[in-house]
Structure formats: structure tokens, C-alpha cells
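In listed order, ligands and their atoms are each counted from 1.
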Amino acid sequence: MKITNICCIGAGYVGGPTMAVIAEKCPHIKVTVVDLNEARIAAWNDEDVNNIPIYEPGLNEIVANTRNKNLFFSTAVDQAIDEAQLIFISVNTPTKTYGTGKGMAADLKHIELCARQIAKVAKNDKIIVEKSTLPVRTAEALKSILDNTGNGVQFQILSNPEFLAEGTAVQDLLHPDRVLIGGETTPEGQQAIESLVDVYANWVPKERILKTNVWSSELSKLTANAFLAQRVSSINAMSELCEKTEANVNEVAKAIGMDSRIGSKFLKASVGFGGSCFQKDILNLVYISKAFGLNEVADYWEQVIIMNDHQKRRFSRNIVQTLYNTVSGKKIAFLGWAFKKDTNDTRESAAIYVADDLINEQANIALYDPKVGHQQVLADLDYLDTRKPADNEKHIHTFDNPYMACENAHAVAILTEWDEFKDYDWKKIYDSMLKPAFIFDGRNLLDAEKMRAIGFVYQSIGS
Ligand code: NAD
Ligand code: UDX
């Protein structure tokens with residue numbers, strides 16, 4: 001099938017950027033991104049392209065080029081489903097917060113709703129593409145829902161997981177290491193795969209488009225995230241050992257990373273990984289493994305999460321201990337709240353957990369993040385449900401100027417590796433702080449020698 005009309009259900013961090021790039025690279029295809037969230041769609045359609053709901057370097061230019069030409073954002077879900085030959089499902093699949101599998105399994109309610117909606121609306125054959133990250137064998141459930149509509153429509157289900165990382169989404173989409181497409185081994189399944197290959201082949205070299213069976217594709221996505229997160233937890237585990245032995249984790253990471261079998265990426269010690277994917281996908285992997293009775297497999301991967309939780313907690317514990325075992329009533333400046341630089345996404349950011357711990361100790365947090373505002377910060381803390389929203393509000397203040405956030409602070413904690421933090425006038429910040437002035441660098445971002453020369457008591461991760 002030659003694809004000329006695509007619908008994507010879910011206008012989030014994956015659906016929005018992915019469809020914008022498809023629209024940019026495939027001017028002959030009409031791409032409609034739909035979402036139930038009216039405010040989100042309105043923001044995607046905002047006249048000022050700088051107000052689109054997701055901050056990603058380069059994204060607003062692509063949206064400006066394509067929007068209302070061949071890229072459309074809409075809440076008219078049924079119409080978009082009806083018109084499309086190929087439908088990406090790109091809705092959220094968070095960790096379940098209720099019932100069986102609570103805190104572990106992926107919540108597939110949004111996925112199932114999409115399948116039922118498609119089944120209800122579709123009048124002609126369609127290709128359904130799993131873009132969301134899903135437990136292995138979800139396509140089976142989708143197929144069962146779609147094939148039991150009784151209206152004679154044929155559906156092919158493909159798995160096409162997304163590997164973009166936030167902050168570099170546009171570059172990752174324009175130049176992917178690989179595109180993975182899983183489909184049924186039947187002739188119809190293979191035809192559907194080829195239809196999607198033809199879309200990507202407009203800009204991705206064919207040798208980078210991998211074709212597999214559906215289950216391998218679904219499981220590869222969980223595996224990729226588990227391996228990446230495992231590297232971060234591995235280097236973070238070594239960071240604690242470095243702190244006890246006068247080894248320096250940056251030097252260790254460089255030394256091992258030069259071994260081409262290990263490679264240098266994802267070896268940056270940090271306050272802990274965040275983001276909407278790593279923890280959720282590993283918990284899902286653990287849950288699936290347990291469901292098959294593979295307890296050792298489950299325990300092995302769960303340790304990645306246990307290590308990450310430990311890393312976040314020991315960062316906040318160290319702040320309290322270093323500040324003479326009390327932060328009660330003290331002002332601690334936080335630089336950064338997003339889970340990594342170049343994104344406004346805060347989901348599972350380590351900053352949330354560190355703030356929560358410090359507020360438990362009655363600290364007052366003064367926050368600056370270049371892309372995250374006060375309401376989001378409060379929403380993140382309220383979501384943890386540790387204390388009343390009014391108490392969160394009392395203990396956290398956001399500033400739109402980093403120098404004001406740091407003024408009269410006892411300590412600065414760096415939680416996100418925003419480049420701009422390196423360029424600040426740190427002497428000025430030092431002069432404005434209470435003495436001794438501490439920096440707890442959770443991202444090993446600043447130059448230790450320079451900071452110590454200014455007068456700071458400077459601590460980084462793993463040295
Ligand atoms: P998101 O929460 O940013 O976006 C999902 C959107 O789907 C929301 O706007 C929500 O309103 C919408 N939605 C939910 N149910 C709907 C329905 N029935 N009809 C219409 N819209 C509906 O999530 P995201 O970060 O874009 O992630 C989407 C999926 O992609 C997840 O499975 C995630 O694991 C996976 N993924 C995410 C990333 C990432 O970096 N964020 C990367 C790779 C894969
Ligand atoms: C991840 C995967 O990289 C991506 O392929 C997948 O599609 C979605 O999940 P993302 O979560 O957006 O992407 O960002 P990523 O760059 O992987 O960073 C995740 C977290 O790990 C961040 O908090 C980051 O700061 C942290 N991290 C990453 C480290 O602490 N050290 C590192 O060396 C790398």
C-alpha cells in the first residue's frame with residue numbers, strides 16, 4: 001500500500017516530534033496528530049511556534065515548515081482514524097498505579113482504548129503501528145480487539161518502537177542509528193512492513209531499517225532501555241566506590257570507555273537517571289520476567305532500579321550530612337529540575353526526589369531551571385503525595401534568575417546538566433552566598449579546581 005495519509009494518536013513527546021519529522025521528510029503524506037487533551041492540541045496549534053508544548057532543539061522550525069501544510073494537530077480523533085491508511089499509536093503507557101501489577105506493570109488502558117476506537121471507526125483496511133513502548137506480546141491483544149469487530153476490515157499490526165532521546169529528539173529522528181519494524185511473517189504482514197519501510201526510506205538509508213518479527217521488535221525496545229539504564233547504574237555504583245577510595249569516576253569512565261568493546265557513551269556518573277522511560281520500562285521487564293517465573297532474570301534487572309534509587313537518596317543524604325547534619329530552615333539553591341538538559345520534561349527527574357528528601361528535613365529550596373516553571377515543580381512534588389500541597393508550596397520557591405536563586409543560600413545543588421550553568425559568574429554567586437558556600441554537583445558539570453579556587457566547598461559525584 002502506498003501511504004499518503006497517516007494518523008498518529010498521541011501528541012506527546014514521541015508523537016509530536018516523530019510526526020513532525022515524517023511530515024518534513026514526506027511532503028506527499030498528510031500527517032494528522034490527534035489527542036484527547038484539548039489544551040495540548042491548542043498549544044501545538046499556537047500561532048507562535050515557540051509556544052508548542054514540547055521543547056526540543058530544532059523542533060519549532062520543523063513545525064513551522066510543515067504545520068497546516070501536511071502536518072495537522074487535531075482533537076477530531078475519529079475523522080483522522082477514518083481517513084488514515086496507517087495509524088501510529090503513540091499514547092502513554094505509564095507504570096500501573098492500581099490493581100494487579102501496581103507499581104510494576106505497564107498500564108495499557110490507553111492502548112486498549114485506541115484499539116477499540118479504531119475498531120469502531122474504521123471502514124477500510126488499515127495498518128496499525130505500535131509506536132508506544134509496550135510489553136512483549138501486546139500486539140496479540142491489539143489484534144484480538146481489532147479482529148473481533150465483525151465489520152470485515154483487515155488490520156495489520158506492526159511494532160515500530162521509538163528510540164529517540166529527549167533533548168536530541170530531532171537529530172535522533174533525522175539520523176536514527178536504526179529504525180526497527182516488526183511484523184507478521186505472513187505475506188500481508190510483510191507487505192505492511194514494506195509500506196512502513198517506504199515511509200522511512202524517504203530519509204533513512206535502507207540498511208538502517210531493520211525488519212524482525214513482532215515479538216523481537218517489542219522486546220528489543222525494553223531491552224535497549226534496560227541496557228542503557230544498566231550502564232548508568234553501573235557507573236553510579238562505581239562512583240560510590242570511587243568516593244571511598246580516592247579514585248575519580250570521570251577518570252575511570254574515560255579509561256574503560258576507550259575500550260572499544262565497552263564504548264564511551266552512557267558512562268556519565270550522575271545523581272541518578274530520570275525520564276519517563278528507563279524506570280518504567282525496566283519495571284515492566286521485571287514484571288514480565290516474574291510473570292514467566294523467571295525470578296533470577298527479574299532480580300537481575302530490578303537491581304538497576306534499586307541502585308538508581310540509592311544514588312538519588314545518597315545524594316540528598318550527603319547534602320544533609322555535609323551541612324552539619326541539619327538543613328532545617330536553610331536555603332538550598334537547586335539549579336535544574338528537568339530530568340536532563342535541553343528538555344522541559346520533568347518526569348521521574350532525580351531533582352524531584354532530592355527535593356522531597358530535603359523538604360522532609362525542612363529545607364527551603366530555591367529553584368532555577370531554564371525551561372521548567374513553578375506550577376510544574378509543584379505538580380511533580382504533589383504527585384509524590386509525601387505531604388500536603390500547601391507544605392510543598394511553603395518549602396519550594398522558583399526564580400527566573402539563577403543569581404537570585406543562589407543569593408544567601410547555604411549550598412547550591414546541580415541537578416540538571418544545562419550548558420548555561422557552566423557559563424555563570426560563579427565568583428558573583430559565591431560572594432552572594434552564606435559561608436562556607438557549598439556546591440553539590442550532581443552532574444559533574446563544573447570545573448572542580450576553578451570552583452575550589454573561588455572558595456567553594458565543591459563536591460561532585462564519584463570523586
Ligand atoms: P506523553 O504522555 O507525552 O504523550 C501521550 C499522549 O497520548 C498524551 O498527550 C495523551 O493525552 C494522549 N492520549 C492518551 N490516550 C489517548 C487516547 N485514547 N486518544 C488520544 N490521545 C490519547 O507520552 P510520550 O512521552 O510521548 O510517550 C508515548 C509512548 O512512547 C510511551 O509508550 C513511551 O514509553 C514511549 N516512548 C517515549 C519516549 C520519550 O522519550 N518520551 C521515547 C521512546 C518511547
Ligand atoms: C531514553 C533512551 O535513551 C531512548 O533511546 C529511549 O527512546 C527513551 O529513553 P531519554 O530518557 O529521553 O531516552 O534520555 P537519556 O539520554 O537516555 O537519559 C536518561 C537519563 O539518564 C537522564 O536522566 C540522563 O541524565 C541520565 N544519564 C544518561 C546519566 O545519568 N548518565 C549518562 O551517561 C547518560
Side-chain angles (χ1 to χ4, degrees), residues 7-19 33-41 43-44 53-54 56 73-78 80-81 88-95 106-118 130-135 138 160-169 172-173 176-177 221-222 224-229 231-236 239 249 253 257 264-282 284 308 311-312 336 338-343 345-351 415-417 442-445 461:
C7 160
C8 172
I9 309 181
Y13 282 87
V14 168
T18 309
M19 293 306 123
V33 191
V34 293
D35 205 294
L36 297 175
N37 183 334
E38 289 179 11
R40 208 166 205 182
I41 291 296
W44 280 110
I54 286 166
E56 276 292 338
F73 294 94
S74 165
T75 50
V77 180
D78 287 0
I81 291 175
F88 285 97
I89 301 183
S90 193
V91 299
N92 39 330
T93 50
T95 304
D107 190 342
L108 299 180
K109 70 179 175 201
H110 301 301
I111 295 284
E112 179 165 345
L113 278 174
C114 288
R116 291 191 183 278
Q117 192 86 357
I118 295 168
E130 297 175 346
K131 183 52 107 178
S132 299
T133 303
L134 298 170
T138 303
N160 171 222
E162 184 48 61
F163 294 100
L164 69 80
E166 291 180 28
T168 52
D172 294 343
L173 288 163
D177 287 348
K221 175 63 199 176
L222 294 184
N225 274 350
F227 271 59
L228 290 168
R231 284 175 69 95
V232 180
S233 275
S234 296
I235 200 70
N236 281 344
S239 76
V249 77
S264 60
K265 294 182 180 163
F266 272 72
L267 288 182
K268 188 116 182 82
S270 70
V271 54
F273 61 73
S276 65
C277 293
F278 281 178
Q279 173 165 307
K280 160 177 84 76
D281 292 347
I282 293 179
N284 187 357
N308 195 51
Q311 189 76 350
K312 291 183 272 190
F339 82 96
K340 63 185 282 199
K341 73 172 178 178
D342 292 338
T343 178
D345 195 349
T346 63
R347 289 177 288 182
E348 288 300 328
S349 179
L415 278 311
T416 313
E417 72 282 23
R443 294 293 182 165
N444 294 359
L445 185 72
I461 303 282

Lys341 and Glu417 ion-paired at < 4.0 Å: no
Test side chain to side chain donor-acceptor pair (under 3.5 Å) applied to Glu162 and Ser90, step by step: CA-CA 9 Å; Glu162 184 48 61; Ser90 193; over 6 Å; no
Partner of Asp281 by side-chain hydrogen bond (donor to acceptor under 3.5 Å, both in side chains), out of Asn225, Thr93, Thr95: Asn225
Pair Lys221 + Glu130: basic N to acidic O under 4.0 Å: no
Full working for side-chain contact (heavy atoms from CB on, under 4.5 Å) between Gln311 and Ile461: CA-CA 10 Å; Gln311 189 76 350; Ile461 303 282; 3.5 Å; yes
Any donor-acceptor pair under 3.5 Å from Ser132 side chain to Val91 backbone: yes
N/O contact list for ligand 2, threshold under 3.5 Å:
unit_1   : atom_1 : unit_2 : atom_2 : d
ligand 2 : 5 (O)  : Phe163 : O      : 2.7
ligand 2 : 7 (O)  : Glu162 : O      : 3.3
ligand 2 : 7 (O)  : Phe163 : O      : 3.4
ligand 2 : 7 (O)  : Leu164 : O      : 2.7
ligand 2 : 7 (O)  : Lys221 : NZ     : 2.8
ligand 2 : 12 (O) : Glu166 : N      : 2.7
ligand 2 : 14 (O) : Lys340 : NZ     : 3.3
ligand 2 : 16 (O) : Lys340 : NZ     : 2.8
ligand 2 : 23 (O) : Gly274 : N      : 2.9
ligand 2 : 23 (O) : Phe339 : O      : 2.8
ligand 2 : 25 (O) : Arg443 : NH1    : 2.6
ligand 2 : 30 (O) : Ser270 : OG     : 2.6
ligand 2 : 31 (N) : Lys268 : O      : 2.9
ligand 2 : 33 (O) : Leu267 : N      : 3.3
ligand 2 : 33 (O) : Lys268 : N      : 2.8

Inter-residue atom distance Ile282.CD1 - Ser233.OG, 0.5 Å rounding: 7.0 Å
Donor-acceptor under 3.5 Å (Asn236 side chain, Ser270 main chain): yes
Between the protein and ligand 1, which nitrogen or oxygen pairs come in under 3.5 Å, and how far apart is each?
unit_1   : atom_1 : unit_2 : atom_2 : d
ligand 1 : 3 (O)  : Tyr13  : N      : 3.2
ligand 1 : 3 (O)  : Arg40  : NH1    : 3.3
ligand 1 : 3 (O)  : Arg40  : NH2    : 3.3
ligand 1 : 4 (O)  : Arg40  : NH1    : 3.4
ligand 1 : 9 (O)  : Asp35  : OD1    : 3.4
ligand 1 : 9 (O)  : Asp35  : OD2    : 2.6
ligand 1 : 9 (O)  : Arg40  : NH1    : 2.7
ligand 1 : 11 (O) : Asp35  : OD1    : 2.6
ligand 1 : 21 (N) : Leu36  : N      : 3.4
ligand 1 : 25 (O) : Arg347 : NH1    : 3.4
ligand 1 : 25 (O) : Arg347 : NH2    : 2.8
ligand 1 : 26 (O) : Tyr13  : N      : 3.0
ligand 1 : 26 (O) : Val14  : N      : 2.9
ligand 1 : 32 (O) : Thr93  : OG1    : 2.6
ligand 1 : 32 (O) : Thr133 : N      : 3.0
ligand 1 : 34 (O) : Thr133 : OG1    : 3.4
ligand 1 : 34 (O) : Lys280 : NZ     : 2.5
ligand 1 : 40 (O) : Glu166 : OE2    : 3.1
ligand 1 : 41 (N) : Glu166 : OE2    : 2.7

Sidechain-backbone polar pair: Trp44 side chain, Ala11 backbone, donor-acceptor under 3.5 Å: yes
